[in-house]
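What follows is a short report on a single structure.
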Amino acid sequence: MANIIKKIKRNQKRKKILAQKAKIARSQENAKGAKQQQDYEARLARHKRRNIRRGLIALGGVLAAAAVVLLFFEKRSYGDYRVLRTSEQEDVISTKYAELDGNILRYSPEGASLVNNSLETLWSETYDMQNPIADICDDAAVIADRDGTSIEIFDRGGRTGSVSTSYSIVKVRVSANGLVAAILDGGDDTWINFYSSDGSLIAENQTRVDDPGYPLDVAVSKDGTIMMVTYQFVDGSDTTSYVAFYNFGDVGQNEDDRIVSGYTYEGVVVPQIQYLGGSRSVALRDDGFTLYSGAQVPKESETVTVEQEIVSTFYDDDLIGLVFKNGSKDAAYTMQVYSTNGSLKFEKNFNIPYTTIKMSGGSILMYNSSQICVMNSRGVEKYRGNIDGTVKDFLKIGWNRYLLVLDTGVNVIKLS
């Protein structure tokens, strides 16, 4: 019996020892597994960090390459151009051209047509005018007979409306949705009328030379809510200008003549006004310019004054340019280009005997009858050269593509 008890005790001790060994083995195995897991997580973290570093290096390389490419195209100049397409059937004497939402609007006394960059006709409309003038905003256009009484309104699909006015047309402007403002000369009185895109009259406003003055220019906000007018009148021996903002929305319905804001400038002539990008507008003065902001009630935001006599102005939605004579033999002109918050972007002296300067497709274009010049929006000269033939017009119609109107026909060109 004693032997049996001893054997049982030995078995129990052996089992206990084996259990302890198994526990130690499991503990060692768990520790080994935990270390393996830690090692795996560390390797994974290192791998992720390496991938992130590689990604950042690759992204930096891409950005650096893109910056180099952009800098290359920014600084690159061209020595020649090649003609991509030619149309010799154009009546370039009486036909004028304007860029319309990526296409080209051609208009003449007999009618208007829209063509693409391949000079293929998209639509054509007829009318009868003596001296057509045009204004464009995005994909809306208005063509009017200056000193006549006809107004035609278009969009990229064709004609949307017509107007026959009671008085002679002085100027017209159009909004992006086709609303049209027109200055009409009635002799002793002038009228500023506002029309919808189908030609129906929305509002008319009679003005007199003594109250509030003679209207020199009109502009319309892109949404057609605000009409901006610059007036000039003589107060004693001084010339005074008045810039008024008419609101044709709900905000202006309780205001006298719908004028929600107006600004008087004594001793200053404001011959030109324009709506820019967003809710900004500009009054180009004989001593600089004044910027306004506000979608419903425009307010003065910045005024830039200059000492020199301004000989030319140009602008687009993002830039305002002034040109002065500087008297230098090597560079007869100085150009100052400002952003629409009034800050000076660059100043450049140049010696190009231009007759026309304008913004077109984000570039500054200058030309005379025999020369053309292209600058980018930072003042880098991209091309300057003589042209065979007489230049009638010049505008940008795409990336590095331009419409060159000559006395012999129309060319689509690419700088090379």
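The structure displayed is predicted, hence computed values, not measured ones.
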Rounded at 0.5 Å granularity, tell me how far [atom1] in [X] sits from [atom2] in [Y].
X      : Y      : atom1 : atom2 : answer
Asn247 : Phe245 : CG    : CZ    : 11.5 Å
Lys222 : Tyr275 : NZ    : OH    : 12.0 Å
Arg280 : Ser221 : CZ    : OG    : 15.0 Å
Glu204 : Tyr195 : CD    : OH    : 7.5 Å
Ile202 : Leu179 : CD1   : CG    : 5.0 Å

What I want to check is whether the side chains of [X] and [Y] have a donor and an acceptor closer together than 3.5 Å.
X      : Y      : result
Asn341 : Glu302 : no
Ser279 : Ser293 : no
Tyr383 : Asp80  : no
Asp185 : Thr190 : no
Ser328 : Asp330 : no

[X] atom [atom1], neighbour heavy-atom count above 12 within 6.0 Å:
X      : atom1 : answer
Glu307 : CD    : no
Asp388 : CG    : no
Asp256 : CG    : no
Asp128 : CG    : no

State plainly whether the residues Asp217 and Lys171 are in salt-bridge range, i.e. N to O under 4.0 Å.
yes

Side chains of [X] and [Y]: closer than 4.5 Å at any heavy-atom pair?
X      : Y      : result
Arg106 : Thr121 : yes
Leu114 : Ile104 : no
Trp191 : Ser166 : no
Pro132 : Pro109 : yes
Arg285 : Thr290 : yes
Glu152 : Tyr107 : no
Thr240 : Tyr242 : no
Val374 : Leu365 : yes

Kindly say whether [Y] contributes a backbone atom to a donor-acceptor pair with the side chain of [X] at under 3.5 angstrom?
X      : Y      : result
Lys358 : Phe394 : yes
Ser360 : Lys396 : yes
Asn400 : Leu415 : yes
Asn411 : Ile413 : no
Asp407 : Thr390 : yes
Thr160 : Ser197 : yes
Asn193 : Ala182 : no
Thr230 : Val270 : yes
Asp135 : Val142 : no
Asp145 : Asn131 : yes

Using side-chain hydrogen bond (donor to acceptor under 3.5 Å, both in side chains), reason through Ser175 and Asn177 one step at a time and then give a plain yes or no.
CA-CA 5 Å; Ser175 69; Asn177 52 8; 2.4 Å; yes

Where do [X] and [Y] come nearest, in terms of heavy atoms and distance?
X      : Y      : result
Ile273 : Ala219 : CD1-N, 3.8 Å
Ala112 : Trp123 : O-CZ3, 3.7 Å
Lys392 : Tyr367 : O-OH, 3.9 Å
Arg258 : Gly249 : NH1-O, 3.0 Å
Ile397 : Asn117 : O-ND2, 3.2 Å
Glu99  : Leu395 : N-CD1, 3.6 Å

If you take the centroid of each ring, where Trp contributes its six-membered ring, are Tyr315 and Phe289 closer together than 6.0 Å?
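Ring centres of Tyr315 and Phe289 not closer than 6.0 Å.
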
Can you check whether Tyr81 and Tyr402 have ring centres sitting under 6.0 Å from each other?
no

Hey, which of [options] is the one that makes side chain to side chain contact (heavy atoms under 4.5 Å, CB included) with [X]?
X      : options                        : answer
Met366 : Phe314, Tyr333, Tyr354         : Tyr354
Tyr246 : Val229, Val220, Val218, Ile226 : Val229
Glu381 : Asn376, Ile352, Ile364         : Ile352
Ile169 : Ile183, Asp147, Leu184         : Leu184
Ile143 : Leu105, Ile151, Val174, Ile136 : Leu105

Apply side-chain hydrogen bond (donor to acceptor under 3.5 Å, both in side chains) to residues Gln336 and Tyr338 and explain how you reach the verdict.
CA-CA 7 Å; Gln336 291 182 351; Tyr338 297 83; 2.6 Å; yes

Given the rule in the side-chain hydrogen bond (donor to acceptor under 3.5 Å, both in side chains) test, do Thr149 and Thr165 qualify, once you have shown the distances and angles that lead to the verdict?
CA-CA 5 Å; Thr149 59; Thr165 64; 4.7 Å; no

